[in-house]
There are 2 protein chains.
Amino acid sequence: MEREPSTQRWSMDEEDVSGDVRMVPHGRSLLSSSMVGSANRGRVLQTLFDLGPTSRAELARLAGVNRTTISGIVQPLLDQQVLVEGEPIRPSEAGGKPARPLWFSPDARPICGMMLMPDAVHTCLVTLAGTLSAEHSVRFPDNPKIADIERAIERCTSRTLASARREPLGIGVAVGGMVDTDRRAIIAVNLAPVMNGFELGDMLARRYGLPALLDHHPRALLVGDRWFGKGRGMQNFAAVYTGEVLGGALYLGGHLYRGRSGAGGELGHTFVQVDGEICSCGRRGCWETIATVGWLRRQARAIGIDAPDEINSRRLVALAGAGAPGARDLLDLYARNVAVGIANLQQTVAPNFYVLHGDVVGGGEIMAEAIAGHVRALVPSRSGGEISFAIGETEDRAALLGAAGLVLSELLQFPL
Amino acid sequence: MEREPSTQRWSMDEEDVSGDVRMVPHGRSLLSSSMVGSANRGRVLQTLFDLGPTSRAELARLAGVNRTTISGIVQPLLDQQVLVEGEPIRPSEAGGKPARPLWFSPDARPICGMMLMPDAVHTCLVTLAGTLSAEHSVRFPDNPKIADIERAIERCTSRTLASARREPLGIGVAVGGMVDTDRRAIIAVNLAPVMNGFELGDMLARRYGLPALLDHHPRALLVGDRWFGKGRGMQNFAAVYTGEVLGGALYLGGHLYRGRSGAGGELGHTFVQVDGEICSCGRRGCWETIATVGWLRRQARAIGIDAPDEINSRRLVALAGAGAPGARDLLDLYARNVAVGIANLQQTVAPNFYVLHGDVVGGGEIMAEAIAGHVRALVPSRSGGEISFAIGETEDRAALLGAAGLVLSELLQFPL
DNA sequence: TCTTGTTAGTATGAGGCTCGCACAAACATT
DNA sequence: AATGTTTGTGCGAGCCTCATACTAACAAGA
């Protein structure tokens, strides 16, 4: 019954804060026994995330392994207070020793989530159970220099980190712009070009001695959904963000999909209308030209809807419900425009499940159902089964959870 | 210096011929030491495929592991005559013991590749080094019944298998139609509906006692490219097939990507022209409506090109070279139409490398360059680096190698 | 109250795998 | 002939999972 305390740790390599966060196999490297340890630990934690509080025996059954294996994996995590044992749950009628469900300890090391937008920075702490705290935000001054932005980020982050009772596992950043995930730097933020080339990851790592991960906003939304939201437990799904711009991200085969240095998922600029309307990117017929609130505003103006500059999914659904002339048709057309791109995605990688983010969230179930109906009509049948949809968290919360999710993905998804 | 012969084997589980071929981890299962063995064996063989003949020491260096590890993995494979040691190669000026490169033995168990088309079946043997032999084909009678087709397949396969000196590792089938890869059955062959629902995999497994794997034609082309062709050693790339229809397949993150039960890669029916021409699938504006030889024939007729019903990429390139009126513009337009769909694929998953198959192969480098130029113009810059293109093998050879590649993928890609 | 059956979690030894080290074999150079 | 370099092979150590056996904690029934 006595156990030696283990020396195993659950964290990223802290010696290597500024370098490559992952000291992992990739390319042609082989596996070793110690990697099996890390990988299995990650998988057990992942199952726990997906299922909620679960006993060792149950975990062993689901994984198809021996109970002792789970005990061996889980015990060090209990010692480090990553996990805690919950109250015993009553056994079934068959009797037996009551199971002690395992769950993430509120005293576990938190994750720092950051959302970096062109005009402001938001930070918070996220527990492994998915609760937010210590939210702070700092707006940038007008026409900021990069030093102003650095200062704002540092002030915001420091406030949040001051609330952490234990050292955070890392800092995840959702960036409203293009990101080089390998270099952990910002490539371009359209509305704030001063940030272009900003090596935010290295700055945070140096300043706070924590691993820092960047990714662009839609991808953060996806991992947020995966660990804390509607994508929980999914092996394949996509997140689609609509708003002023259009973005998306893919979770394929149980892994966040990133193309080379973070390319891929630039769905807004796929063609759906060769030689169609001109897009902000200079090309013609991008999906973005027909499935953003910009398009919605133009159409609303054209058919004479009240206050067309303030139209969005929420108002459109309300107007359609109230029977405003043309609103119902416009809603249907907007939904179809969004659906066209999703149908293409379905035909291409068949994730079969979509979490909707951004503007359409305001439209609620009515908007989601309208989109879903069109997608199902646009995709030939028997292309891999049912297609389902979910509505994401509200905007800021989704992005902050997602930012934290970036760190979790790195910790849990030992890339074999 | 003495070694005990090993009992390890390199093959799929032969006890389980009719059931699920892979007795492997999936979903929430954990890793074990024996899986590390299988996985590493697969990885070593994969690097060997990618690099050509390579010594143990070199393999160890590339994988970043101890030489003894490679020796331990490789020795059983030598015992089983999967691999052979080549002639010693001269050491460098620094001296040292000459290295013995390892390569696939010509006496290794071959793979049976099969291509099943609406009107005929082709079979052959493929060595691990990628050489074809024992090619046979049998045409089906007119208006065949399923029994006729079964008989033809059996006759063809038996002839090929009779030439095998050792028992093949398995039978891979490239099917010109929709396939359920899990059930190893044919879902639908448009031009031969009699095959719909045909459980070919189980039939072959029962009849020949060999593992049998089915996949649809474009996906077979992809794995053929991956193991034996232009995609050798690639971690991310796509295969695109154009002809009477349009198809594609994806290799992402070092793995063949299949959506649920083999969906995904139905690229022909992605929208590139909302409300465009009507497609054979009944919807409007599919990529297939503007990037197949059907479109090419219609255009050729419209602009008065000679013998428009016999136009294809090969003739079009020849006509354009000869200065036939309109041919040059038509070629450019055709290339752009093909490029549109590829650009969408690049924006979505960014494979960055494309192997072209089917009709465009006949157009050679000129056609490929035309397509490449358009894709590069259509994809916004800095979306993940250079995009490159290659031309696949000729049609039958590509499909047969690909069919064999299906079996190899299963053997090498131990799915962790 | 005592016995039987069931389930949860733990200790222990066996077996697989990779790793580091030491060593023999086979070359080039001086 | 001596020295240095590289390849490939035993051998024991360390890490991991697995099967087995055992204790703890409950329900149901006599």
Side-chain angles (χ1 to χ4, degrees), chain A residues 1-4 6-9 25 29-44 53-76 78 83 85-102 414 416, chain B residues 1-4 6-8 25 29-44 54-61 63-76 78-79 83 85-102 414 416:
Chain A
M1 286 293 131
E2 293 302 280
R3 290 171 296 91
E4 291 293 319
S6 161
T7 60
Q8 278 180 300
R9 288 174 40 257
S29 68
L30 301 188
L31 275 47
S32 71
S33 301
S34 57
M35 290 177 196
V36 170
S38 306
N40 282 352
R41 185 163 55 250
R43 289 185 183 207
V44 167
T54 310
S55 72
R56 300 165 232 246
E58 181 75 12
L59 287 169
R61 271 192 298 268
L62 287 165
V65 300
N66 199 288
R67 286 200 302 274
T68 57
T69 304
I70 299 291
S71 284
I73 292 171
V74 145
Q75 199 55 58
L78 288 165
L83 301 177
E85 276 186 329
E87 287 307 299
I89 50 172
R90 294 207 37 180
S92 71
E93 296 168 357
K97 178 174 171 177
R100 308 290 305 262
L102 302 172
F414 196 83
L416 294 178
Chain B
M1 287 294 129
E2 294 302 278
R3 288 173 297 93
E4 291 293 320
S6 161
T7 58
Q8 279 180 300
S29 69
L30 301 189
L31 275 49
S32 71
S33 301
S34 57
M35 291 179 195
V36 170
S38 306
N40 282 351
R41 185 162 58 250
R43 290 184 182 207
V44 167
T54 310
S55 72
R56 300 166 232 245
E58 181 75 10
L59 287 169
R61 271 193 298 269
V65 300
N66 199 288
R67 286 199 302 273
T68 57
T69 304
I70 299 292
S71 285
I73 292 169
V74 144
Q75 199 54 59
L78 288 165
D79 295 341
L83 301 177
E85 276 186 331
E87 287 306 300
I89 51 173
R90 295 205 37 180
S92 71
E93 296 168 357
K97 178 173 171 177
R100 307 291 304 263
L102 301 173
F414 195 84
L416 293 179

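All figures in this text were calculated on a predicted structure; none of them were measured in a lab. Letters go in sequence order (proteins before strands), and every chain restarts at 1.
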_Comparing A:Thr68 and A:Ser32 on DNA chain C - which has the more 5′ nearest nucleotide_ =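 Mapping each residue to its closest nucleotide by heavy atoms, the 5'-most match is A:Thr68.
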Per-pair distances, 0.1 Å, donor-acceptor, side chain in residues 87-101 of chain B, under 3.5 Å, sequence neighbours excluded:
{"residue": "B:Ser92", "atom": "OG", "partner": "B:Ala94", "partner atom": "N", "Å": "3.3"}
{"residue": "B:Arg100", "atom": "NE", "partner": "B:Gly86", "partner atom": "O", "Å": "3.0"}
{"residue": "B:Arg100", "atom": "NH2", "partner": "B:Gly86", "partner atom": "O", "Å": "3.2"}

Listed nucleotide nearest any side-chain atom of [X], set [options]:
X       : options               : result
A:Arg67 : D:dT9, C:dT18, C:dT10 : C:dT10
B:Arg90 : D:dT17, D:dG8, C:dA28 : C:dA28
A:Ser33 : C:dG9, D:dC16, C:dC19 : D:dC16

Please report the distance, rounded to the nearest Å, between [atom1] in [X] and [atom2] in [N].
X       : N      : atom1 : atom2 : value
B:Lys97 : D:dT6  : NZ    : P     : 14 Å
B:Ile89 : C:dA28 : CD1   : C1'   : 15 Å
B:Leu31 : C:dT18 : CG    : P     : 13 Å
B:Leu30 : D:dC15 : CG    : C1'   : 16 Å
B:Gln75 : C:dC17 : CD    : P     : 15 Å
A:Ile73 : C:dT10 : CD1   : P     : 13 Å
B:Asn66 : D:dG10 : CG    : P     : 14 Å
A:Glu58 : C:dG9  : CD    : C1'   : 15 Å

With sequence neighbours left out, write down each residue that passes side chain to side chain donor-acceptor pair (under 3.5 Å) with [X], or none if nothing qualifies.
X       : result
B:Ser33 : none
A:Thr68 : A:Asn66
B:Ser71 : none

*How do A:Asn40 and A:Pro98 order along DNA chain D: which one's closest nucleotide is nearer the 5' end?*
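The residue mapped nearer the 5' terminus is A:Asn40.
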*Taking for each residue the nucleotide of DNA chain D with the nearest heavy atom, is it B:Pro101 or A:Thr69 whose nucleotide lies nearer the 5' end?*
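The residue closer to the strand's 5' end, by nearest nucleotide, is B:Pro101.
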_Pairs where residues 58-75 of chain A contributes a residue and the test salt bridge (Lys or Arg N to Asp or Glu O under 4.0 Å) is met, not counting sequence neighbours_ =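 Non-adjacent pairs meeting salt bridge (Lys or Arg N to Asp or Glu O under 4.0 Å): A:Glu58-A:Arg61.
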*Think B:Ser71 has a side-chain N or O under 4.0 angstrom from the OP1 or OP2 of D:dG8?*
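No, outside the criterion.
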*Hey, is the side chain of A:Arg61 poking within less than 4.0 Å of OP1 or OP2 on C:dA8, counting only N and O atoms?*
yes
*When rounded to the nearest 0.5 angstrom, what is the spacing between CD1 in A:Ile73 and CG in A:Asn40?*
5.0 Å
*Once you round to the nearest 0.5 Å, how far does CD1 of B:Ile70 lie from CG of B:Leu59?*
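Rounded to the nearest 0.5 Å, the CD1-CG separation comes out at 5.5 Å.
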Using a cut-off of under 3.5 Å, enumerate the N/O to N/O pairs linking the protein to nucleotides 28-30 of chain D.
none

